[in-house]
Amino acid sequence: MAIQGVMDTLKNTNLQEIGVSFSLADLMRDIKIEGDNIYIKLFSPSEKYHNYLKDKAETVLKSIGAKTVQIEFTSEPPKQKQPPQPPPQQNPFESRKRIPKIKKVLAVASGKGGVGKSTVAVNLAAALKKKGYEVGYLDADMYGPSGPTMLGAKDKQVVATPDNKLIPPEVHGIKIMSIGLLLPSEDTPVIWRGPVLFKALSQFLFDINWGEELDFLIIDLPPGTGDVQITLGQTVEVDGAIIVTTPQDVALIDVKKGIQMFNEVQIPVLGIVENMSYFVCPDTGRKYEIFGKSKTENIAKQYNTQLLGRVPIEPKVSEFSDLGIPIVLAKEDTESAKSFMEIADRIIKKITEQ
Ligand SMILES: Nc1ncnc2c1ncn2[C@@H]1O[C@H](COP(=O)(O)OP(=O)(O)O)[C@@H](O)[C@H]1O
Ligand SMILES: [Mg+2]
């Protein structure tokens, strides 16, 4: 027997005789059809109607060809239809993990390479150390790991623990880890791309044993706003991002992109550092605004963030950087060192206000 025919028959069988407005089909809770044999379960809380319903169902079903009709009754109320549930909210950031034993993770980013991102990152690390904090510096710039040179850690060895965690060496009191310390030689180019790069990077981020708890970990990110940065933002809990730029318009376009990217991955932007803002002549100490008047502050305001400071171009910055000593440790009386110390103060203030 076809189910459709049976269902139509039940639907057309009204129960007006017992004073109700519904049909047999409305009472049906289960049905099984095997050949010409039909089993149905009917909802009827009162036994009073069982005989009536049984007769009625048997009669109508036999009239359409059923050989046997087996009827069972249930007094369980029909299941309430669940209202449609909204799909569970997928939060892409839910799986973000904190790097163990780090109080605050700060990422230093820039739209382009060569604007001084690493210089800012190492000097920020050194400035925080100078102020008495325990600091780590993580060079996550897989393409141009310059951290070991800038902190004078090129000859330092990375030791692995028996459970394959990397122990960062310490220079100037700062714990440092860089992909550059793991490559066979400085000239080995890193040619990882896309997923491989990301996997290497995220593994790297969680496979370091920083030892005693650190107050700050400064992550020197690869330049740009690509997949690596976004995926990183979805993997690691970062407490704040610092965007480094130079004052030219072309660099400022990237600042906007950078801020938008961090907003998308829900990482608070602590502010912008304008590097190479002006030139301080070493002979006369005079300042030259070689790129014209800075627009960075306006952009910061426009995007609801702040200018954390302006660092001048000073030949000593790169001289000492090449020697492996951040300017804040090498020459604290220079304009740039003073500026880095002020930037560190503003960052501490911002991050503790959060
Ligand atoms: N304020 C500055 N004054 C002088 N030289 C600087 C300054 N900032 C960066 N440099 C130099 O510019 C070069 C690029 O800086 P770097 O920090 O490596 O940039 P990025 O990490 O963005 O690629 C380095 O040689 C560095 O020493
Ligand atoms: Mg760099």
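Counting convention: from 1, in listed order, for ligands and their atoms alike. Note: hydrogens, waters and symmetry copies are ignored here, and every other heavy atom, side chains too, is used.
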**Item:** Polar proximity ligand 1 side, Val115 side, N/O cut 3.5 Å exclusive
**Value:** yes

**Request:** Count the heavy atoms of every other residue, nucleotide or ligand shown that sit under 6.0 Å from NZ of Lys62, and state whether that count exceeds 12.
**Result:** yes

**Request:** Say whether Ser110, considering both its backbone and side-chain N or O atoms, lies within less than 3.5 Å of an N or O atom on ligand 1.
**Result:** no

**Prompt:** Considering only the protein, which heavy-atom contact is closest to atom 7 (C) of ligand 1, and what is its distance?
**Reply:** Val317 CG1, 3.7 Å

**Asked** Based purely on interatomic distance, does Asn275 place a nitrogen or oxygen under 3.5 Å from a nitrogen or oxygen of ligand 1?
**Response** yes

**Message:** Assess, by modelled atom type and distance only, whether the side chains of Ser118 and Asp220 contain a donor and an acceptor separated by less than 3.5 Å.
**Reply:** yes

**Message:** Could you tell me if Asn275 and Thr246 have a donor-acceptor pair between their side chains, going purely by distance under 3.5 Å?
**Reply:** no

**Complete:** Rounded to the nearest 0.5 angstrom, the CZ-CG distance for Arg29 and Asp26 is 8.5 Å

**Prompt:** Is there a heavy atom of Pro315 sitting under 4.0 angstrom from any atom of ligand 1?
**Reply:** no

**Asked** With a cut-off of under 6.0 Å to the ring centre and 45° to the axis, is Lys97 in cation-pi contact with Phe206?
**Response** yes

**Request:** Answer with yes or no whether the side chains of Gln4 and Asp8 bring together a donor and an acceptor at under 3.5 Å.
**Result:** yes

**Message:** Under 3.5 Å, is there a donor on one side chain and an acceptor on the other for Tyr278 and Glu314?
**Reply:** no

**Message:** With respect to Glu314, determine whether any N or O atom, backbone or side chain, lies less than 3.5 Å from an N or O atom of ligand 1.
**Reply:** yes

**Prompt:** What atoms in ligand 1 come closer than 4.0 Å to a heavy atom of Gly114?
**Reply:** 19 (O), 20 (P), 22 (O), 23 (O)

**Request:** Could you check whether the rings of Phe73 and His50 sit parallel, tilted or perpendicular, using 30° and 60° as the cut-offs?
**Result:** parallel

**Prompt:** Where is the nearest protein heavy atom to atom 11 (C) of ligand 1: which residue, which atom, and how far?
**Reply:** Ser318 CB, 4.0 Å

**Prompt:** Are any of the N or O atoms of Ile313 closer than 3.5 Å to those of ligand 1?
**Reply:** no

**Message:** Below 3.5 Å, N or O to N or O, backbone or side chain included: is there any such pair between Gly116 and ligand 1?
**Reply:** yes

**Item:** ligand 1 versus Ala121: contacting region, heavy-atom distance under 4.0 Å
**Value:** neither

**Message:** Is there a polar contact between ligand 1 and Lys117, counting only N or O atoms under 3.5 Å apart?
**Reply:** yes

**Asked** Is a side-chain donor-acceptor pair under 3.5 Å present for Glu274 with Ser277?
**Response** yes

**Complete:** The closest protein heavy-atom partner of atom 17 (O) of ligand 1 is Thr119 OG1, 2.5 Å

**Prompt:** Starting from atom 12 (O) of ligand 1, which protein heavy atom do you reach first, and at what distance in Å?
**Reply:** Met276 CE, 3.8 Å

**Item:** Distance filter under 4.0 Å to Met150 heavy atoms, resulting ligand 1 atoms
**Value:** 16 (P), 17 (O), 18 (O)

